[in-house]
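What follows is one structure encoded as structure tokens, with my remarks underneath.
So you know, we letter chains A, B, ... as the sequences are listed, proteins then strands, and number each from 1.
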Amino acid sequence: MSTDALYTPDEIEQRARDYWDGERCFEVDEDPGKDKFYCLTMFPYPSGQLHMGHVRVFTISDVIARYQRMQGKHVLQPMGWDAFGMPAENAAIKRGVPPAEWTYKNIDYMRGQLKRLGYGYDWSREVTTCRPEYYRWEQWLFVRLFKKGLVYRKNSVVNWDPVDQTVLANEQVIDGRGWRSDALVERREIPQWFMKITAYADELLDQLDSMDGWPDSVKTMQRNWIGRSEGVELSFDVDGEEEPLTVFTTRPDTLLGVTYMAVAAEHPIAQKAAAKNAEIATFVEECKTMQAAEAALETMEKKGKPLGVFATHPISGEKVPLWVANFVLMSYGTGAVMAVPGHDERDWEFATKHGLPITQVIAAGDGSEVDVNAAAFTERGTLVNSGEFDGMTSAEAFDAIAKRFEADGRGRRTVNYRLRDWGVSRQRYWGTPIPIIYCDDCGAVPVPEADLPVVLPEDVKVTGVGSPLRDMPEFVDVDCPQCGKAARRETDTFDTFVESSWYFSRYASPDSDNAMLDERESYWMPVDQYTGGIEHAILHLLYARFFQKVMRDEGLSAADEPFTNLLTQGMVLKDGAKMSKAKGNTVDPQELIERYGADTVRLFMMSTAPPELALEWSDDGVQGAYRFLKRFWHAVQTHREAGVTAALQISSLDDDQKELRRKTHQTIAKVSDDTGRRYKFNTAIAAVMELLNAINRFDDRSEAGRAVVQESLESCVLLLAPIVPHICHELWQQLGHESAAVDERWPQVDEAALAQDLIEIVVQVNGKLRGRISVASDAGKDAIAELALADENVQRFVADKTIRKTIVVPGRLVNVVV
RNA sequence: GCCCGGGUGGCGGAAUUGGUAGACGCUACGGACUUAAAAUCCGUUGACCGAAAGGUCGUGCCGGUUCGAUUCCGGCUCCGGGCACCA
């Protein structure tokens with residue numbers, strides 16, 4: 001074989017890229033006459049270089065985009081940068097480089113990597129969130145929401161590092177200590193800004209029911225996260241307190257089983273008791289060293305102390321002891337809970353540990369024995385030991401008790417959500433400045449629209465202690481926009497989830513400098529296909545849905561939901577663990593691209609596992625992908641070297657030619673379904689590999705034989721074009737086409753080519769495989785059964801036994817039950 | 001702890017609606033080509049029994065439904081993701 005027929009990915013991929021760039025293939029306008037398809041990937045944080053997880057998700061999305069383009073859709077696939085975040089500050093602390101400089105340098109490098117991988121992005125729409133042109137609009141929206149009452153300020157808990165005098169992210173707390181200082185982390189309450197996502201809780205919940213394009217697992221997680229529960233809010237009088245203690249319960253039917261109550265360490269009742277009692281004071285102090293993360297809270301040892309204070313049970317009138325407990329949080333609900341140890345697991349454990357009484361007030365609905373001293377009985381049932389409510393079902397008692405409280409004015413039915421309002425303040429430098437000015441006279445005043453954006457100074461020194469913004473008088477010292485008096489600018493920045501909650505819309509009008517979104521938004525939104533990591537199933541995807549509704553209600557969009565279809569991909573693992581620098585098990589995509597080319601990397605990623613599953617990295621698997629591309633390349637070269645191919649004459653094919661043609665069209669059908677509907681690219685690739693194996697085995701150099709091979713090879717090229725676009729671009733031309741593969745339509749199945757005279761059917765006896773028979777594809781059930789029984793091996797198992805039943809599944813199997 | 005996933009050969013995985021378990025690829029082994037190596041090509045490859053035909057077992061564990069279960073149901077177990085300041 002001549003040298004120029006060798007597979008040389010470097011040159012081939014360069015030529016394909018030059019063509020796409022030269023023709024501006026992936027730049028799209030808003031053409032109302034065309035059927036749009038908006039294909040989006042969760043944009044990356046510019047950490048420095050692409051990792052395998054990026055390569056995987058971007059390739060999945062690019063395959064879908066290119067497939068949709070071959071379906072004739074007007075496809076938008078944009079790319080941008082989620083550019084604010086902690087790593088830039090950490091790099092700055094470590095190397096003294098300003099975060100902005102570090103970030104922009106990373107973006108430039110990673111953009112080059114993305115281009116080398118051949119993704120079909122419309123780079124003219126690139127969005128970078130750390131640019132004032134971008135973040136000014138979220139400042140603008142924040143001010144609008146402030147005026148609308150959807151934004152408010154309240155105290156909330158952070159992890160405080162007493163040595164570095166700084167707020168730590170949960171990630172920076174390791175075993176309860178600061179990651180840099182190693183100091184014991186404290187809970188500290190500071191005033192922070194919140195967005196009222198709870199105002200949209202019901203809509204966020206209800207709409208999930210009609211989101212057919214989302215995986216059930218993600219919808220279930222979001223439902224549970226929102227956690228809507230109907231219950232009753234009721235109050236207990238407390239000895240020596242003016243104000244009654246209010247609690248929420250979803251199980252008012254268990255009310256007579258309350259044997260104690262628990263309040264948070266920060267609760268005024270606990271504080272008062274601590275002032276009088278050293279032991280309680282010590283315990284309350286101890287509660288401060290807890291972490292803010294819920295996982296830490298839920299897994300820690302449940303501790304408490306009796307306060308020596310009693311509440312009066314609102315129905316029985318009995319005295320109920322109050323405890324202070326480390327698992328009750330002041331910031332959630334009312335900071336107090338009623339405890340029913342007989343019918344709640346956590347209360348049961350706490351009561352057992354501290355010798356508190358356990359009372360049964362619910363009996364099993366089916367009358368079976370219940371022993372609440374052995375374990376909490378958490379099911380609903382029939383009330384016992386509950387005075388006038390005895391004999392009611394849990395549901396009846398719920399109503400009766402709720403009514404009683406409503407009549408007394410001591411409580412009310414209410415709906416409670418697990419979902420909490422979104423705290424958007426971060427005590428960090430590298431983020432969007434929160435557009436608020438604090439005035440001694442006017443309070444918190446939003447920055448007027450005309451003064452936006454509040455630009456983040458980029459020329460700073462980050463030390464890791466305190467906030468750089470706070471030390472910059474030119475940033476902090478401003479006049480109050482309302483009264484003109486000297487005032488102070490807010491130095492906190494937004495949670496970076498704010499930027500990622502609306503970037504998908506900004507891609508439609510990335511250059512709009514007089515509006516957050518313009519009329520182009522209505523052409524592209526909602527996103528047709530959104531692809532990203534399953535780790536974003538709740539937070540990012542819920543915040544983005546919330547923002548979409550907020551933008552809709554501000555008249556910026558007509559869409560209720562931002563993402564019609566969602567695909568969540570698994571992680572890339574090596575040796576069973578997530579690839580990460582910390583574990584030292586990363587594989588640099590750049591090295592592989594340089595060695596094998598982008599197509600090999602893309603092919604390996606798509607062929608080794610379906611998108612949703614975790615993908616186990618394998619160097620040998622990459623080799624296998626490379627080998628396949630070489631075989632593919634050589635198959636086309638071998639075919640070409642035999643000269644020009646004549647037109648295919650379908651009517652005059654022999655059996656072998658028909659068989660290859662059948663395999664070709666079976667493959668088209670399979671790959672179309674796998675790529676277009678199932679998103680199982682691994683089995684799509686396996687099917688094309690099978691077809692190529694069949695082509696290589698097919699040794700018919702006749703004119704008709706070569707025509708069949710031509711059709712098969714062309715099918716392979718088009719079916720693989722979304723996955724390995726560079727090699728397919730080249731091979732398409734080599735197969736004699738003037739047009740570019742990127743502009744071709746997806747191949748169509750010729751149903752006639754699929755027809756088969758004889759099919760194989762499996763014969764089982766008592767569910768065990770005993771033989772195979774060949775039957776006419778249109779044979780009736782009786783004929784199939786007769787043939788099955790005639791099989792020699794089947795006879796061995798049936799011969800001397802009575803046939804009780806014969807099950808015939810046409811086209812599949814026969815099962816003889818003896 | 002709570003919520004959501006997952007567990008199939010030596011490995012990644014396939015089996016789409018309850019119907020042939022192991023497609024396709026990798027590894028390993030054997031062979032061809034080569035002075036040699038690389039590359040490439042051909043063959044074998046779940047375990048066990050058997051010369052073969054063929055048989056027995058087998059999809060994390062225990063149990064159930066069914067003519068038939070990797071698939072459905074109940075109970076466990078291990079691994080992963082999320083848990084509101086990693087992105």
Please determine if a side-chain N or O atom of [X] lies less than 4.0 Å away from the OP1 or OP2 oxygen of [N].
X: A:Asn682; N: B:A23; answer: no
X: A:Arg812; N: B:G18; answer: no
X: A:Thr496; N: B:A87; answer: yes
X: A:Arg697; N: B:C41; answer: no

Watson-Crick or G-U counterpart of B:G5, or none if no pair lies under 3.5 Å: B:C79
In B/S/- notation (B base, S sugar-phosphate only, - none; protein heavy atoms under 4.0 Å), nucleotides 67-72 of chain B written 5' to 3' is B-----
Can a donor-acceptor pair under 3.5 Å be found between the side-chain atoms of A:Lys768 and the base atoms of B:U56?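 There is none.
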Go through [options] for me and flag the one nearest to the [X] side chain.
X: A:Thr608; options: B:A14, B:G12, B:C86; answer: B:G12
X: A:Lys670; options: B:U16, B:A87, B:G13; answer: B:U16
X: A:Pro610; options: B:A87, B:A84, B:G13; answer: B:G13

Scan nucleotides 24-32 of chain B against the protein and return all N/O pairs shorter than 3.5 Å with their distances rounded to 0.1 Å.
| from | atom 1 | to | atom 2 | distance (Å) |
| --- | --- | --- | --- | --- |
| B:G25 | OP1 | A:Asn693 | ND2 | 3.2 |
| B:C26 | OP1 | A:Arg627 | NE | 3.2 |
| B:C26 | OP1 | A:Arg627 | NH2 | 3.2 |
| B:U27 | OP2 | A:Arg627 | NH2 | 3.2 |

Test of understanding: with salt bridge (charged side-chain N to carboxylate O under 4.0 Å, His left out), list the residues that count as partners of A:Arg631, not counting sequence neighbours.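 Per chain and number, A:Arg631 pairs via salt bridge (charged side-chain N to carboxylate O under 4.0 Å, His left out) with no residue.
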